[in-house]
**Q** 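There's a structure below that I have some questions on.
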Amino acid sequence: MTEQQPAFSYAPVGRTAHGVTPPGFRPLCVRTPLGTGEAVFEAASRAVLEWRMHRAMGVRMETDAERAAPGVQVTVGLGIGRLRVYGPCRVVWLVEDERRAGWAYGTLPGHPQCGEEAFWVEQAVDGRVRLTVWSYSNPAVWWTRAAGPVVPVLQRLYAHRCGQVLRRLARERPPTG
């Protein structure tokens, strides 16, 4: 008997893979230049796929998987101590080819937001590498609704911080193994 996975807390699922924000959701798109060249692309891709970008930001990524893959469940923890907020998610899609690497997760019941967030690294033909954070979401609980316009500001700051941290990680020598 296989274990039933919980349903996503929103619909439609998977639209971040196409850069589409469904009607009724609040969009976010932040792009950050990371550097130039194959070494930057490889290091940044590994850091995103292996959860290292998030963990380097102090985000708790509770999962049994060593890297992102469709169907992998992850609980994201943001904040400090008793103020840490947890959100259950599941990876919706993954891309990993010669010019693009990344994934998206969708929220599950119990997450304070409902929607989807994607993180991907891409290398342009001229060698420039950038991170894109693309999401669509809405408040799912009373306190994220009450926070009103503060939540989108925090989400944008988070996306910018992803880029800053990944830029640093992409310049470091990636771990082997």
**Q** Say whether Trp93 and Thr16, considering side chains only, have a donor N or O and an acceptor N or O under 3.5 Å apart.
**A**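 Checked: Trp93/Thr16 side chains pair up, N/O donor to acceptor below 3.5 Å.
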**Q** Are Trp51 and Val133 grouped together when hydrophobic residues (ILVMFWY) are joined by side-chain heavy atoms under 4.5 angstrom apart?
**A**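 Same hydrophobic cluster.
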**Q** Just how far is it from atom CZ of Arg46 to atom CD of Glu96, taken to the nearest 0.5 Å?
**A**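 One finds 10.0 Å between CZ of Arg46 and CD of Glu96.
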**Q** For Arg26 and Val151, run side-chain contact (heavy atoms from CB on, under 4.5 Å): C-alpha distance rounded to whole Å, both residues' side-chain angles, the deciding distance at 0.1 Å, then the answer.
**A** CA-CA 11 Å; Arg26 185 178 47 242; Val151 173; 3.9 Å; yes
**Q** According to ring pair (Phe, Tyr, Trp, His ring centres under 6.0 Å), who are the partners of Tyr136, at least two apart in sequence or on a separate chain?
**A**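 In terms of ring pair (Phe, Tyr, Trp, His ring centres under 6.0 Å), with neighbours along the sequence ignored, Tyr136 is linked to Phe25.
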**Q** Report yes if the distance between the aromatic ring centroids of Tyr86 and His111 is under 6.0 Å, otherwise no.
**A**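 Not under 6.0 Å, so no.
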**Q** Does atom CD of Glu66 have more than 12 heavy-atom neighbours, drawn from other residues, nucleotides or ligands, at distances under 6.0 Å?
**A**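 No.
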**Q** Search all heavy atoms of Gly87 against all heavy atoms of Pro112 and return the closest pair with its distance.
**A**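 Answer, listing the atom of Gly87 first, then Pro112: CA-CD, 4.2 Å.
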**Q** Are any of the side-chain nitrogens in Arg168 or Glu172 under 4.0 Å away from the carboxylate oxygens of its partner?
**A**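 Yes.
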**Q** Indicate, with yes or no, if Val92 and Phe119 share a hydrophobic cluster defined by side-chain heavy-atom contacts under 4.5 Å among Ile, Leu, Val, Met, Phe, Trp and Tyr.
**A**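 In one cluster: no.
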**Q** Only one of Arg128, Arg99, Arg130 passes salt bridge (Lys or Arg N to Asp or Glu O under 4.0 Å) with Glu122; say which it is.
**A**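 Single pass found, and it is Arg130.
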**Q** Could you report the tightest heavy-atom contact between Val72 and Arg67, atom names first, then the distance?
**A**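 The answer is CG2-O, 4.3 Å.
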**Q** Would you say Val129 ends up clustered with Leu169 if hydrophobic residues are merged whenever their side chains have heavy atoms under 4.5 Å apart, either directly or through other cluster members?
**A**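 Yes, it is one cluster - the side chains of Leu169 and Val129 are joined through contacts under 4.5 Å.
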**Q** Do you know which two heavy atoms are closest between Ala170 and Ala43, and how far apart they sit?
**A**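 The pair with the smallest heavy-atom distance is O-CB, 3.6 Å.
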**Q** What is the minimum heavy-atom distance between Ala44 and Leu34, and which atoms define it?
**A**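 Minimum heavy-atom contact is CB-CD1, 3.8 Å.
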**Q** Within a radius of less than 6.0 Å around CG of Asp64, do more than 12 heavy atoms belonging to other residues, nucleotides or ligands occur?
**A**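 Check fails, neighbour count at 12 or below.
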**Q** Is there a donor in the side chain of Gln155 and an acceptor in the side chain of Ser137, or the other way round, less than 3.5 Å apart?
**A**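 Present: a donor and an acceptor within the cut-off.
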**Q** Is the closest side-chain heavy-atom distance between Cys89 and Val76 below 4.5 Å?
**A**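 The answer is yes; the side chains approach within 4.5 Å.
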**Q** Please determine whether residues Val74 and Leu166 belong to a single hydrophobic cluster, defined as Ile, Leu, Val, Met, Phe, Trp and Tyr linked transitively by side-chain heavy-atom distances below 4.5 Å.
**A**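 Same cluster.
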**Q** Tell me, do Thr63 and Thr75 make a side-chain contact under 4.5 Å, heavy atoms counted?
**A**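 Counting from C-beta outward, Thr63 and Thr75 never come under 4.5 Å.
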**Q** So if you build clusters from Ile, Leu, Val, Met, Phe, Trp, Tyr with side-chain heavy-atom gaps below 4.5 Å, do Met53 and Leu28 land together?
**A**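 Per the 4.5 Å side-chain linkage, Met53 and Leu28 are not co-clustered.
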**Q** Output the distance between atom CH2 (Trp120) and atom CG (Leu131), rounded to the nearest 0.5 Å.
**A**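 If we round to the nearest 0.5 Å, Trp120:CH2 and Leu131:CG are 9.0 Å apart.
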**Q** Answer yes or no: is there a side-chain heavy-atom contact under 4.5 Å between Met61 and Arg52?
**A**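 No - every pair of side-chain heavy atoms lies 4.5 Å or more apart.
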**Q** Could you tell me the separation between the CD atom of Glu62 and the CD atom of Gln73, rounded to the nearest 0.5 Å?
**A**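 The distance works out to 12.5 Å.
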**Q** Could you tell me the separation between the OG1 atom of Thr144 and the CG atom of Asn138, rounded to the nearest 0.5 Å?
**A**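 Taking OG1 in Thr144 and CG in Asn138, the distance rounds to 9.0 Å.
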**Q** Report yes or no: does Arg167 contribute a side-chain atom to a donor-acceptor pair with the main-chain N or O of Pro33 at less than 3.5 Å?
**A**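 Confirmed, Arg167 side chain pairs with Pro33 backbone.
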**Q** From Tyr158 OH over to Met57 CE, what is the distance, rounded to the nearest 0.5 angstrom?
**A**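 One gets 4.5 Å once the value is rounded to the nearest 0.5 Å.
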**Q** Mind listing the closest non-hydrogen atom pair of Ser135 and Thr21 along with its distance?
**A**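 Heavy-atom minimum between the residues: O-OG1, 4.5 Å.
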**Q** Would you say Leu108 and Phe8 make side-chain contact, with heavy atoms under 4.5 Å?
**A**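 Leu108 reaches Phe8 side chain to side chain.
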**Q** To the nearest 0.5 angstrom, please state how far the CD atom of Gln164 sits from the CG atom of Leu157.
**A**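 Output value for this atom pair is 9.5 Å.
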**Q** In terms of side-chain heavy atoms, does Tyr105 have a donor or acceptor partner in Glu116 at a distance below 3.5 Å?
**A**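 No.
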**Q** Kindly indicate whether the side chain of Leu83, heavy atoms from C-beta on, has any atom under 4.5 Å from the side chain of Val85.
**A**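 Result no, sub-4.5 Å side-chain heavy-atom pair not found.
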**Q** Determine whether Val121 and Phe41 make a side-chain contact, defined as any pair of heavy atoms from C-beta on separated by less than 4.5 Å.
**A**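 In short, these two side chains touch, coming nearer than 4.5 Å.
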**Q** Has the side chain of Trp103 got a donor or acceptor atom that lies under 3.5 Å from a matching backbone atom of Val48?
**A**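 Pair found, side chain donor or acceptor close to backbone of Val48.
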**Q** Heavy atoms only: give me the nearest Tyr10-Pro12 pair and the separation to one decimal.
**A**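 Heavy atoms only, the tightest pair is CE1-O, 3.3 Å.
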